[in-house]
Amino acid sequence: MTEPAAAPPRDESMARPPRNQWWDVWDQFRKHTGALVGATIFAVIVLGAFLGPLVWHADPQVVPTGRDFITLRDTRPIYVALWDEGAKVNWAHPLGTDNLGRDTLARMMSGGQISLLVGFTAMGLSILLGTLIGVLAGFFRPADGPLMRLTDLFLALPLLPLLLVSVLLFREPLANAFGPEGGVFILIVTLVGITSWMQTARIVRGEVLALKEREFVLAARSIGTPARRVVMRHVLPNVLSPIMVSATLGIATAIITESALSFLGFGFPPDFPTWGRLLFDSVDRMQLYPERVIWPGLAISLTVLSVNYIGDGLRDALDPRIRGR
Amino acid sequence: MLTYTYRRLLISIPTLLFISLVIFLLLELAPGDPMAQVPLTVPDEVKQKMREALGLGEPLHVRFGLWLWQFFVIEPLHLIDNLFGTTFAEGQQRVISWQTRSPVMDIVAQRMPQTLWVVGTAYVVAVLIAVPIGVYSAYRQYSLFDQAGTFITMIGFSIPPFFSGVLVIVIFSIQLGWFPSIYDTTHVVNDWDSFVVQLKQMVMPVMVLALQITSQISRYMRASMLDNLGQDYVRTARAKGMREKTVVLVHVLRNSLIPVVTVVALLVPSIFGGAIITEQVFKVNGIGQLLITAIQANDLPMVQTLTFIFAVLIVLFNLIADILYGILDPRIRYD
């Protein structure tokens, strides 16, 4: 990847202490305004979803009973009072409540936790698979043909219909084995993971094929390094940057896929709503309560947008040809 | 080129067969019973007979072979019969939906026009918008227009269609009341007024689909224009004293369109996939909606056929993209 640069002047390298390359990456990343803003927004969303419940104590599951049910249900967000005097608002529920009186803000937080967890875990799985297959295909010649045909086959599969079908097939058995929430979580993460590794595998294979011919790999081989260690010590660190970029973008894909499944009614059960499920549940009543579709949708879109910007910035920052310019 | 085309066509046959096998085996695991809706008073042996009538008694490979035979031989024959009034497929068993007990392809043929109308219009609109945007933002790179375009395209592929759809419904249908939120597929266009109604109900689904396609295609267009604008032949053209308009719109644009055309072809199947969601949002009675209801109703022949049609679309358009690339770009030689 890196061109063999001319040796730097000796005095300069002596004068400065050696600098970790990740600081260079960070410096370049900081120059990308969109990426920086994206990273900030993403951090706010993640922190809000995971640490928010420490500040905001409302229970997303509890349904008020008796008279509370009547007084607390269908509360509008407080900002509605700005233009609608008679709106039913309640300062105890800044984003309002749903038709069962559950606090929307708390539900957004718990939904965000599941959505983001699905995003991170599915991305991890898909990167793991993609890297494994890419490295195997690139490094071991006999494996190249079959594995790449497999990748092509997966790329030719109609993924959304197959996802829908498999959710329907495996939801029941998994829910019985791991509980309604855990079962669906495992199911969705696995499905998203095994249907989204193909791009990573292709990119990694290409990089590995190029790296394999480089002198340092030859040198490592010539001193008798076993293939496993050549891959781990010499090849993998050098394909880290494309992997990181596709990992970032993978979070966005996973979150979108999960919410699309939930939106079609094939995702999480209504008791454990993700953002996509919250959106789906509110569509029927969006005429009266548009905020209930707008907030989850906004959360999904903002997360995906910020992640895409981070990916953009990372791609620039990890490219040594752009870095330092 | 022709050899390449033949080879690709031949390769796509085992690919499609394998995909249909994958779909078939996946559906084979389906826990649902097509007799679940039959009243409990029906005795078990009658139910068993009904199952066998649906072809469920046969072993796996026989059923798969039967489906392949029906899909690849009988359905095309039936199509020929319908077109030319012949009787090749007379009396042959077609792929039957478990929900409606009518041939699957008939239902698909009923639903296809709705999907094609919406998806097709969205695609044309999107390409018509995306190309000028891409050209202009590449020509004025880093200008205000380019920056705004980049931001909007980023938003375009970050907002999932199920949110942008809901959002436009809230804005244009609930707040402003301009367009209906539900797409009425029974609407018949026979005069100007009904045509206006049809246009109105198409605006929002088309807008949602087009936003996504536009943002992807305009990115490719911009990148491809940028690649070409720095080429030597552009300098030559300018040095010859050609007008700037000719240089950009004839020389550069023609060359930049080569990769974009293939992307346009490659995106078609994914748009049909995206239409599944958009159809659900706007209640369009198309094949996406058909697929969802079939999955929910456990209608395996329908699901199998529809999923396979999606797979055919993907393989077909990949093939078209590769061949187009070879035809349009003389530097690409596959042989």
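All figures in this text were calculated on a predicted structure; none of them were measured in a lab. Below, each value reflects all heavy atoms present in this structure, side chains not excepted, and no hydrogens, waters or symmetry copies.
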Turns out that what part of Phe272(B) lies under 4.5 Å from chain A's heavy atoms comes down to neither
Query - Non-hydrogen side-chain atoms of Ile277(B) and Leu160(A) separated by less than 4.5 Å - result: yes
Does Phe170(A), at its CZ atom, have more than 12 non-hydrogen atoms belonging to other residues, nucleotides or ligands within less than 6.0 Å?
yes
Of all heavy-atom pairs linking Phe162(B) and Ser259(A), the shortest is CZ-CB, 3.4 Å
Heavy-atom side-chain proximity of Phe263(A) to Val281(B) below 4.5 angstrom: yes
| Is atom CG of Leu144(B) surrounded by more than 12 heavy atoms (other residues, nucleotides or ligands) closer than 6.0 Å? | no
Heaviest contributor of heavy-atom pairs below 4.5 Å to chain B, chosen from Ile256(A), Val165(A), Leu153(A), is Leu153(A)
Whatever's closer than 4.5 Å to a heavy atom in chain B on Val293(A) counts as both
Highest number of heavy-atom pairs under 4.5 Å with chain A among Leu16(B), Ile159(B), Leu306(B) belongs to Ile159(B)
Minimal heavy-atom distance between Pro161(A) and Phe310(B), with the atoms involved, is CG-CD1, 3.9 Å
Is the number of heavy atoms from other residues, nucleotides or ligands under 6.0 Å of Trp295(A) CH2 greater than 12? no
Under 4.5 Å to a heavy atom of chain A? For Ile155(B) that would be both
Result for side chain to side chain contact (heavy atoms under 4.5 Å, CB included) between Leu157(A) and one of Ile19(B), Ile314(B), Thr307(B) points to Ile19(B)
Of Leu167(B), Ile276(B), Val315(B), the largest count of non-hydrogen pairs under 4.5 angstrom with chain A goes to Ile276(B)
inquiry  = Can you confirm whether Tyr289(A) is buried at OH, in the sense that more than 12 heavy atoms of other residues, nucleotides or ligands lie under 6.0 Å from that atom?
reply    = yes
Ranked by heavy-atom pairs below 4.5 Å to chain A, first place among Ile295(B), Thr150(B), Ile292(B), Val166(B) goes to Ile295(B)
What one should report as the nearest heavy-atom pair of Leu264(A) and Gln280(B) is CD2-CG, 3.6 Å
Distance col, row Leu168(A):CG vs Leu27(B):CG, nearest 0.5 angstrom, shows 10.5 Å
Checked Ser306(A), Ser282(A), Ala260(A), Pro290(A) vs chain B; the most non-hydrogen pairs under 4.5 Å come from Ala260(A)
The interface call for Ala252(A) against chain B, heavy-atom contacts under 4.5 Å, is neither
Of the listed Asp152(A), Leu159(A), Leu155(A), Leu164(A), the one with the largest count of heavy-atom pairs under 4.5 Å with chain B is Leu164(A)
Chain B shares the most heavy-atom pairs under 4.5 Å, among Pro296(A), Pro158(A), Ser166(A), with Pro158(A)
Scanning both residues in full, the closest heavy-atom pair of Phe163(B) with Leu298(A) reads CZ-N, 3.5 Å
